[in-house]
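In this text the structure is predicted, and so the values were computed from the model without any measurement. Atoms considered below: every heavy atom in the structure, side chains included; atoms not considered: hydrogens, waters and symmetry mates. Lettering follows sequence order; numbering is per chain, from 1.
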Number of protein chains: 2
Amino acid sequence: MELHQLRYFVAVVDEENFTRAAERCLVSQPSLSQQIIKLEKELGQPLLERLGRRVQLTDAGRLLYDKALRVLSTVDGVQDELAELSGEGRGRLAVGAMLTAAPYLLPKLVRRFGRRFPHAEIILHEDLTEQIVDRLMQGELDVGILALPLEQRPLETTELFTEELLLAVPKGHRLASKKRVTMADVAREPFVLIDPLHCLGQQVLAFCLERDCRPRVVCRSSQILTVQQLVGSGVGISLLPECAARADRTRKCAYRSLSADRPTRTLVLAWREGRHQSRVVREFIRDAEQHAK
Amino acid sequence: MELHQLRYFVAVVDEENFTRAAERCLVSQPSLSQQIIKLEKELGQPLLERLGRRVQLTDAGRLLYDKALRVLSTVDGVQDELAELSGEGRGRLAVGAMLTAAPYLLPKLVRRFGRRFPHAEIILHEDLTEQIVDRLMQGELDVGILALPLEQRPLETTELFTEELLLAVPKGHRLASKKRVTMADVAREPFVLIDPLHCLGQQVLAFCLERDCRPRVVCRSSQILTVQQLVGSGVGISLLPECAARADRTRKCAYRSLSADRPTRTLVLAWREGRHQSRVVREFIRDAEQHAK
DNA sequence: TCGAATCAATAGGTATGTCCTATGGAGCTT
DNA sequence: AAGCTCCATAGGACATACCTATTGATTCGA
């Protein structure tokens, strides 16, 4: 019997539903199912009756539920008290992330963090780079997830990782299998551009122009997901970051590296210079440095 | 924060000593140290002052200790109640093992089992095969760890694994590096025999005689460890099971397979035919089947 | 009554984390 | 000063909790 199993169990009872319970616990539904099953096996009897649409406690389940509540509240209580005692409070963390990075980094980081500090309050803010920077300066946000280069502001940064920008083409497109693909090839194709409101859009444009390649922009979109759909349906090709390629579930796009002189973007954590950081913030930064990629 | 961490912590406080606490928890001292350190890190402050010879609680530690006791007793309590409810009692398990297998299998199995069922009572009995069988028949033991073949008695068995009997020679001995080693080679060397009181000794003798090889027995011993020491100091060579070879810490023996027709022994779990098995016994058997090797 | 939708369980693979052994280094004891 | 005792660190093995993808069962709506 483990504490996380008790948490899962209580969540299922409260939500009367495995799927919602899993969301509440920040794990996948199968993971939660597995742990409940394991708990039942260990205790030698079912805790829940699965009645199709809803879920009901068995006698054993009722017994466990009461104790589990008590155990969890004791554990949570002592964590709060200890946090109090060390003078750190329970912890609040406000993270900002630019829109073209947020969906690919935040889920994992927040999940990890939520598990380590179940009582910390996490506030997420997705926005354009400049707004994030503004809020960092105003102290509304503790840290931001941004891309280099950053405008000149008193920010401290730590690098997360550098990723390549890959050429996204429709599956089966001739560029998908061509041996060498250069910016000259790119210039000949219709191009779907991330809106240069986003720093990613600016970076892509800058990269092209530096190489005297003026892409034939047939369409611009402000969301990566939309770009992927457009590329997938043959509207044009585009340049997208690796993390977006990994997360692509459309199955209609192929991704490949350019043959030389590959474009990249570097993601960093940034915070206002000299800002005091509570323990949870420091821990979040440390954790992100190690596990962002 | 995890339950096992709380158990370790409480054990350290009770024993005032990491090493003893580790023994009580059936884990190694470094494992326990690690978990305590991890717990302190997560809570953001030390729980114990290490004062060389003894260990003292910090304020935070005192706070946690009280709560931990409460949490653990609640958890243990509910496990007992649930066991009660399913009508299985808390569980008692009496395991017998023949002397030439016990030290190599029991520690791991008992450790695993002790973790899964911290409240089950485990009784160990090491003895010669026949005594184990007698006690199984009399119902004093729930299961026995024995080797095939078994005398004709109403026993049910399940196979654990088959292991080779390896030739044990002093390090640097010419047989250690000879390409092919046969029973003819063995017959030429002085031989240290496990006392045929043990079924292992009988098996070794039988194996030799079946191949018309009469070993020159210079010495017989009733303990594998002693045999290893004797072989290591050059008294003679011997045939020993793989598990004993793996556990050999003398560093003075070399082990190798015979070139053909290799001798083996097969270890099994055995219990009296038709004997009712409580849940802990069934679980022990299942666990042993999977993790004995 | 059939098709769609919802939901839990299963399968397969990855990675995190706990455990082990071996070793180091600090503080007592003799 | 040498030897003990004891906790921490290092490195590698194994177990297990996690994920995605998929199946199978049930319920709901048409």
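The interatomic distance linking A:L32 (CG) with D:dA17 (C1') rounds to 12 Å, in whole Å. As a whole-Å value, the separation of A:E16 CD from C:dT6 P is 18 Å. Remark: P of D:dT27 and CZ of A:R50 are 15 Å apart, rounded to the nearest angstrom. As a whole-Å value, the separation of B:E2 CD from D:dA17 C1' is 11 Å. Distance CG (A:D287) to C1' (C:dG17): 14 Å, rounded to an integer number of Å. One interatomic measurement links the two molecules: OH of A:Y8 to C1' of D:dT16, which rounds to 12 Å at whole-angstrom precision. Rounded to whole Å, the distance from CG on B:N17 to C1' on D:dA8 is 14 Å. Atom-to-atom, CZ of A:R20 to P of C:dA8 comes out at 8 Å; the value is rounded to the nearest Å.
Contacts of residues 55-65 of chain B with DNA chain C (heavy atom under 4.0 Å): none.
Comparing D:dA17, D:dT9, C:dA9 by their closest approach to the side chain of B:I37 singles out D:dT9. Of the candidate nucleotides C:dT10, D:dA17, C:dC19, C:dC19 has the atom nearest to the side chain of B:V27. Of all nucleotides listed (D:dA17, C:dT16, D:dC7), C:dT16 comes nearest to the side chain of A:R112. Taking the side chain of A:Q29 as heavy atoms from C-beta on, and the options C:dA8, D:dA15, D:dC6, the nearest nucleotide is C:dA8.
A distance of 13.0 Å separates CZ in A:R246 from CG in A:L240, rounded to the nearest 0.5 Å. In this structure, the separation between OH on A:Y104 and CG on A:L109 is 15.0 Å, given to the nearest 0.5 Å.
OP1 and OP2 of C:dT10 both lie 4.0 Å or more from every side-chain N or O belonging to A:S33. Contact between the side-chain N/O atoms of B:R54 and the OP1/OP2 oxygens of D:dC6 is not found at any separation under 4.0 Å. Side-chain N/O atoms of A:S28 include one lying less than 4.0 angstrom from OP1 or OP2 on D:dC19. OP1 or OP2 of D:dC14 has not a single side-chain nitrogen or oxygen of B:H291 nearer than 4.0 Å. At D:dA17, none of the side-chain N or O atoms of A:S31 fall inside 4.0 Å of OP1 or OP2 (strictly under the cut-off).
Each of B:K108 and B:P30 has a nearest nucleotide on DNA chain D; the 5'-most of these lies closest to B:P30.
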Self-check item: Check against side chain to side chain donor-acceptor pair (under 3.5 Å), A:Q35 and A:Q5
Solution: CA-CA 6 Å; A:Q35 291 303 306; A:Q5 293 171 333; 3.1 Å; yes
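In terms of polar N and O atoms assigned as donor or acceptor, the side chain of B:Q34 never comes within less than 3.5 Å of the base of D:dA8 in a complementary pairing.
For the pair B:R20 and B:E23, the salt-bridge criterion is not met [side-chain N within less than 4.0 Å of a carboxylate O].
Heavy-atom neighbours of B:R70 CZ from other residues, nucleotides or ligands within 6.0 Å: at or below the threshold of 12.
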